[in-house]
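Note sheet for the following structure.
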There are 4 protein chains.
Amino acid sequence: MAGVNKVILLGNLGADPEVKYLEGDNVVANLRLATTESYKDRNGNKVEQTEWHDLELWGGQAKIAEQYLKKGSQIYVEGKIKSDTWQDDQGQNRKRIKIRVLSFTMLGGRSDSMGNEGGNPTQQSQPTSKPAAQSAAATSSGPDLSPAGDDDDLPF
Amino acid sequence: MAGVNKVILLGNLGADPEVKYLEGDNVVANLRLATTESYKDRNGNKVEQTEWHDLELWGGQAKIAEQYLKKGSQIYVEGKIKSDTWQDDQGQNRKRIKIRVLSFTMLGGRSDSMGNEGGNPTQQSQPTSKPAAQSAAATSSGPDLSPAGDDDDLPF
Amino acid sequence: MAGVNKVILLGNLGADPEVKYLEGDNVVANLRLATTESYKDRNGNKVEQTEWHDLELWGGQAKIAEQYLKKGSQIYVEGKIKSDTWQDDQGQNRKRIKIRVLSFTMLGGRSDSMGNEGGNPTQQSQPTSKPAAQSAAATSSGPDLSPAGDDDDLPF
Amino acid sequence: MAGVNKVILLGNLGADPEVKYLEGDNVVANLRLATTESYKDRNGNKVEQTEWHDLELWGGQAKIAEQYLKKGSQIYVEGKIKSDTWQDDQGQNRKRIKIRVLSFTMLGGRSDSMGNEGGNPTQQSQPTSKPAAQSAAATSSGPDLSPAGDDDDLPF
DNA sequence: TTTT
DNA sequence: TTTT
């Protein structure tokens, strides 16, 4: 009991967010995030290695993602590992891992999509007045302000 | 804007928690936490180096700390760095750093103080029914369930 | 480029380590780690949710794991997410995620397996003189002392 | 024993790095990093709170910082808390905390200082051939490739 | 499929 | 003293 399951990622989106509005006022966004690491191999050649992560955001954070993120966006993410298990059509047990995002922060984007004045680096800033939006902004210094929906009990 | 300020500590308490009940139903607990690292120096001798951290907990977490932690307790902590600045009696500007705890988890205690059956490794488990207790337990997998008081606006 | 891919886990092993000695002096250990989170559902009932993680350790850390860890051991882990992809016997592309461990620390075991005197909380402490042991111990305060083999270029 | 002392920061530099070359081929860089968090107070007004951190880098990382970082640079940092203690001129014991940087990654700067072609977001990328440079680049996905000098034994 |  |  009493565990810690924490993931910290910083990378770029490989595609625009995929957002689904569900019954009961629920929203979920799925993101594909690339984290690339480069190192030199034994011959001194630079090697790049990219890992792709499936991110899942719920509620207000999903809406913020839909509104401000797009292919190429650079974000910092905190979350946890969550596995889905199911049976495939052959009746085989399958497992898939996703990162359940608890907070994220937009980084130094070129902001062309945010319509913000000036074109400077932006965050998911000033997401108007929605409480959920506030939460995502607040998370910049820690996931402590996360609103309902961030908990792990499934949102439906 | 949009920063991350996150601290992760795992160590042992150097003393029992110091808890103060303030006006307005506020509670604050101060803890001294030691994190010890050992390494070998250039001569292959093992060296231990201990860093002492001043932790500050508010609200429900302070109460849980008061109830379950004591000198020697091993805990895992997530928080952020916060500085206090003031003038000393010479009129000099002074600064002090504390770790504002956002969540913590008790580890492998010998549980003699928790009255739990069996003496197995325990956490701040089963802290009965208090909502605050729930919050601290929940934080084990992320600080997302933190209750009021975890935000950064000062609690008074 | 320039990404961060970091995982922090704290939990218990579901089984003894599985260790394989490979050609070329390489060793790999596979661990199953459970991180359990508990929270109250909307009805106030306590719910426990366990996530199982597949950990992979190489080199000296694999040997330390073999020597000191066993089913039930509580450990703190830092690592990164790594995916394996392959084709299954139906010719389908499959993907599996593992946690590549970069450092770990043993926590508060009751040490019955480590033969340490006294039964106090122990870590992978004093793992005698092996350099590998030193590395794993050192990582407790940061993965900075990781020895060869911690890099991401595959060890064979 | 066996502790974890980890700090993760993401913010902007308040000034250019201060770099000192010491005897014995040692280099140290000091940085001032701001992490800003914004939240709404109880009246719904947006409040910004900035924490300033003193960072210390050694060796190759200090050189990379000198070469690529400047006032305003946005960086992601991993490190640990380290305290200095000394006696002030009144003979009083004083303590100061610094963040010992173990790895860092440059983020989405507008790169005007790096002379890189195009003005796109850059990291401390391709820092040519210096081994130290490699180390800092490598740290982007984890501090596991840190070279000598990242250890905690003082570099002189 | 991102980014440099 | 940064950044938005």
Side-chain angles (χ1 to χ4, degrees), chain A residues 9-18 30-39 46-55 68-77 105-111 114 116-127 137 140-141, chain B residues 1-5 83 85 95, chain C residues 1-5 83, chain D residues 9-18 30-39 46-55 68-77 105-111 114 116-127 137 140-141:
Chain A
L9 303 173
L10 195 161
N12 298 277
L13 297 189
D16 292 344
E18 292 185 7
N30 288 281
L31 309 180
R32 288 282 286 166
L33 183 78
T35 57
T36 302
E37 143 179 46
S38 51
Y39 59 92
K46 193 179 168 192
V47 182
E48 288 207 344
Q49 201 159 342
T50 294
E51 187 71 39
W52 286 96
H53 309 271
D54 292 309
L55 312 186
Y68 295 113
L69 300 183
K70 57 169 198 183
K71 183 173 172 170
S73 295
Q74 188 184 34
I75 59 173
Y76 169 89
V77 163
T105 300
M106 285 187 65
L107 302 175
R110 250 115 36 267
S111 66
M114 280 190 67
N116 80 326
E117 57 293 348
N120 11 35
T122 53
Q123 288 74 27
Q124 74 275 43
S125 52
Q126 304 101 347
S140 59
S141 79
Chain B
M1 204 174 31
V4 173
N5 172 359
S83 55
T85 52
K95 184 185 176 184
Chain C
M1 205 176 29
V4 173
N5 172 359
S83 54
Chain D
L9 302 174
L10 195 161
N12 298 278
L13 297 189
D16 291 345
E18 294 185 5
N30 288 282
L31 309 180
R32 289 280 285 166
L33 182 78
T35 57
T36 302
E37 141 180 49
S38 51
Y39 59 92
K46 193 179 167 191
V47 183
E48 287 206 345
Q49 202 158 341
T50 294
E51 188 70 39
W52 285 97
H53 309 270
D54 292 309
L55 312 185
Y68 295 112
L69 301 182
K70 58 169 199 184
K71 181 173 173 173
S73 294
Q74 188 184 34
I75 58 174
Y76 169 89
V77 162
T105 300
M106 285 188 63
L107 302 175
R110 247 123 26 274
S111 68
M114 279 189 66
N116 82 325
E117 57 294 346
N120 12 33
T122 53
Q123 287 76 26
Q124 75 275 45
S125 52
Q126 302 101 347
S140 59
S141 81

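Only heavy atoms go into these numbers, but all of them, side chains included; no hydrogens, no water, no symmetry mates. Just so you know, these numbers come straight off a predicted model, no measurement behind them. Below, chain A is the first sequence line, B the second, and so on; all start at residue 1.
Rounded to whole Å, the distance from OH on A:Y39 to P on E:dT4 is 21 Å. Separating the CD atom of A:E51 from the P atom of E:dT2 is a distance of 16 Å, rounded to the nearest angstrom. Computed from coordinates, the A:L13 CG to E:dT4 P distance equals 13 Å when rounded to whole Å. To the nearest angstrom, P of E:dT2 lies 15 Å from CD1 of A:I75. We find that CG of D:L107 is positioned 14 Å from C1' of F:dT2, with the value rounded to whole Å. In this structure, CG of A:L10 is placed 13 Å from P of E:dT4, rounded to the nearest angstrom.
The nucleotide whose nearest atom lies closest to any side-chain atom of A:W52 is, among F:dT4, E:dT2, F:dT2, E:dT2. Side chain of A:N12, nearest nucleotide from F:dT4, E:dT2, F:dT2: E:dT2. The side chain of A:K71 has E:dT2 as its nearest neighbour among F:dT2, F:dT4, E:dT2.
At a threshold of 4.0 angstrom between heavy atoms, the contacts of D:T50 include nucleobase atoms, whether or not backbone atoms are also involved.
Going from atom CG of A:L33 over to atom CG of A:N12 covers 7.0 Å, rounded to the nearest 0.5 Å. Between atom CD of residue A:Q49 and atom OG1 of residue A:T35 there is a gap of 9.5 Å, rounded to the nearest 0.5 Å. The CD atom of D:Q74 sits 5.0 Å away from the CG atom of A:L107 when rounded to the nearest 0.5 Å.
For the pair D:K71 and D:G14, the tightest heavy-atom approach, listed with the atom from each and the gap, is CG-O, 3.7 Å.
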